[in-house]
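As the structure is a prediction and not an experimental result, all values here were calculated from the model. Below, chain A is the first sequence line, B the second, and so on; all start at residue 1. Values below: every heavy atom of this structure, side chains too, minus hydrogens, waters and symmetry copies.
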Amino acid sequence: MATKEQTKISKEVLFDLHRRMVRIRLLEEAAGRLASEARIPGFIHLYVGEEAVAAGGCVALKPEDQITSTHRGHGHLVAKGGQFKPMMAEFMGKATGYCKGKGGSMHISDLDLGMLGANGIVGGGVPHAVGAAFANKYKNNGLITMAFFGDGSTNIGAFHEAANMACALHLPVVFMCENNEYAEYTARDRVMAITDVADRAVAYGMPGVIVDGMDVVAVYEAARVAVERARNGEGPSMIECKTYRFYNHAGVDAFGTPYRSDEEVREWMERDPIKLFEAQLAKAKVLSEEQAKEIHAEIQAEVDEAIEFAEASPMPDPSSDMLTDVYTEVS
Amino acid sequence: MTTVGIIASPTAGKDVRRLVGHAGSTGDVDKIAIIRRAALGAIESGVEKILFLDDTRHLIQRALEKISKSNISMEPITQAVMGTGRDSQKAAAAMKEAGVGSVIVFGGDGTNRDVAKGWIDAPMVPLSVGTNNVFPFHMESTIGGIAAGLVARGIVPLNEVAERAKIIRVDLAGGHNDLALVDLVLVEGDFIGSRAIWDVTNLKEGIFAIAEPTAVGLSSIAATLQTIGRDEDGGVYVQMGLGNQTVRAPIAPGSFETVQIRSHRKLVLNEPVTITGPGVLAFDGERDYILSEDENAIATILREGPWVINTQKAMDLANLNNYFVSSN
């Protein structure tokens, strides 16, 4: 049976959920702005709208637990404790970034935080999570791994193989599906005969549930139970979070795209997870509107400082850095 | 044109209780087959039209696709769907407006509650496809479909084969009201979250219109103290928390918990009970309304709910009249 402490969530956890979501939102809005001004190179896939999934999932984890991520991975790293300065520097390809400027937006990682990597390949992170979970079980270290992935990933062979192996070997892993209804620019119902990814879980031999991915408390409650199951040796679980990305697959356009209607985007924006949660916190007298504004301002200042830091940072030096960190050094 | 309505919850059988308890999962493929069998049952009874809610998963549309349309009209209700309980509520209201003879409802207690909110005296066959449901029947949908059709066609009279269900009417601040079909429970906390409840230490008080010992869910707590059948008038009021008693009850499928009981008493029909916040009100086992500090909710059990068709009685009466027998 699941954890008993349920409907009463401590203020510390509530503040933590809120802060992690706001940190993701403000960093992402800034990253989008910088990318549109060509101050960040390459593609950028923003996590705006999906904050409740990463925050709810990661708050349920212990700091030493691990996650794997996607091409839309900034939010996961922030939720796992990522710092703005090395993140922004990495987005800009600077030597002070988390991966010394060599990973960029889509391959950002920090093993010290247990963030095993964003991944440019759709579904590519899921086998990594299962491999890490296998290692954790082998080492008997009590750690669990949470794999974040999108609905499109579950149509990829690697996902199927990883989910099957996780269940067959009874590994300590939680599958966190961010079902935002679109795989890049393709609507889910054009490539899937089922609506709910959670329906697939039973076929692998694990429970699959659906939660409102715009409600951070709902995500957190389900994630806690799944994490506890994994840690207690009860095997993998799948949580399908129904969510939505407010911006286009890549870049900062929200409206005027041919594959989804503006009306649909507006409807989902009405369910902005941060606004919903702030209204709930105000009603519960946990956080006033004024206090929420102060938190936004404080985090915005940290974002601005990170931008200054990143822009002032050097690029990697090709003469000395070109071939470092390419291969693992055998000790 | 004799018409049967069909409403199905797309999310039934998929909530967090698969993780916190031992509830089974019901995928869309299974649901579609269950709905199709009920539709075939209704068609067998001779109804001329099926009016249905085209939900976000198109479950009913997909169920009806493989049925020959030569002797039946099938029509979706024209309404925007949002994937919430409000879809079922609006669809029920539209079915009432359209003069539907009976409604087959697929879902749990929550879906039936939504239908009742849209059409309070709906003649219905409630069929479970969800979790720990008290209100709907756990039965083969083929027979549920026939029974609904027999009532819609007037082959068996509604008042001979159906009883009006009880409801718990809940009057809230600002003149708003709501209803539950099984139970209304106040739990500690400030959030609706994943809706389900599995921490019994946070239960404060509850009103139970149905407390049958064969059901799982929060109503099983009351059933251990005082049994109240669905056809029996009245209900039970239970105060939970540190007291002189504890009970063991299956609050979710396969999950037994020890619940502290402070007091309990029987309620008669139309007896108002005032519940005061703070806390979250759970309607039929799902957190749904945040009750602020000192805010009151007045709950009253009434026999003013849907007409629930007793499928056994409907089939018995049809057989008694040799409805399915022809002479050669």
Side-chain angles (χ1 to χ4, degrees), chain A residues 1-9 11 14 17 56 174 181 189 192-203 206-212 215-229 234 237-240 242 263 267 270-271 276-277 279-286, chain B residues 10-32 55-59 62 80 82-84 131 185-204 251-252 254-258 278-280 282 287 290-293:
Chain A
M1 186 64 184
T3 179
K4 303 294 181 201
E5 198 182 311
Q6 185 214 350
T7 58
K8 282 171 69 181
I9 299 173
K11 280 189 178 180
L14 294 170
L17 290 167
V174 176
E181 288 293 305
D189 61 8
M192 286 170 66
I194 57 169
T195 306
D196 303 313
V197 170
D199 280 3
R200 292 183 163 164
V202 173
M206 64 179 147
V209 300
I210 296 174
V211 298
D212 179 358
D215 183 334
V216 73
V217 173
V219 176
Y220 169 71
E221 285 184 353
R224 272 189 72 193
V225 181
V227 165
E228 190 175 284
R229 283 186 85 250
E234 295 172 50
S237 319
M238 185 191 292
I239 300 171
E240 179 183 0
K242 300 288 191 185
E263 185 190 1
E267 275 175 15
E270 289 289 310
R271 303 203 62 241
L276 284 179
F277 192 45
Q280 291 169 345
L281 290 171
K283 182 162 186 187
K285 295 181 179 161
V286 173
Chain B
T11 53
K14 300 183 184 190
D15 71 22
V16 74
R17 283 170 285 194
R18 271 98 217 128
L19 280 181
V20 301
H22 306 277
S25 299
T26 314
D28 286 354
V29 174
D30 284 344
K31 285 185 188 173
I32 289 166
D55 60 88
T56 49
R57 271 66 160 182
H58 309 295
L59 293 176
R62 289 152 74 190
M82 296 299 296
T84 68
T131 319
V185 174
L186 184 70
V187 296
E188 286 187 59
D190 300 306
F191 297 91
I192 289 166
S194 59
R195 294 186 176 270
I197 296 166
W198 58 88
D199 178 358
V200 295
T201 62
N202 289 334
L203 302 178
K204 295 171 85 170
I251 64 144
S255 300
F256 289 84
E257 293 290 334
T258 301
V280 183
R287 288 171 283 164
I290 298 163
L291 202 62
S292 303
E293 193 163 4

Roughly how far apart are [X] [atom1] and [Y] [atom2], rounded to 0.5 Å?
X        : Y        : atom1 : atom2 : result
B/Arg62  : A/Thr195 : CZ    : OG1   : 5.5 Å
A/Leu14  : B/Asp190 : CG    : CG    : 7.5 Å
B/Asp199 : A/Lys8   : CG    : NZ    : 9.0 Å

Would you say B/Asp28's side chain and A/Asp196's backbone share a donor-acceptor pair under 3.5 angstrom?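 Not confirmed, B/Asp28 side chain does not pair with A/Asp196 backbone.
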
Can you check whether B/Gly193's main-chain N or O pairs, donor with acceptor, with A/Glu221's side chain at less than 3.5 Å?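 Checked: no pair found.
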
Contact origin within [X] toward chain B - heavy atom pairs under 4.5 Å:
X        : answer
A/Ala193 : backbone
A/Glu240 : neither
A/Asp212 : neither
A/Ala222 : both

How about NZ on A/Lys283, more than 12 heavy atoms from neighbouring residues, nucleotides or ligands closer than 6.0 Å, or not?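 Yes.
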
Taking every non-hydrogen atom, the tightest pair across A/Ala226 and B/Leu19: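 So the two residues come closest at CB-CD1, 4.1 Å.
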
I want to check something: taking the side chain as every heavy atom from C-beta on, are A/Val209 and B/Arg17 in contact at a cut-off of under 4.5 Å?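 No, their side chains stay 4.5 Å or more apart.
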
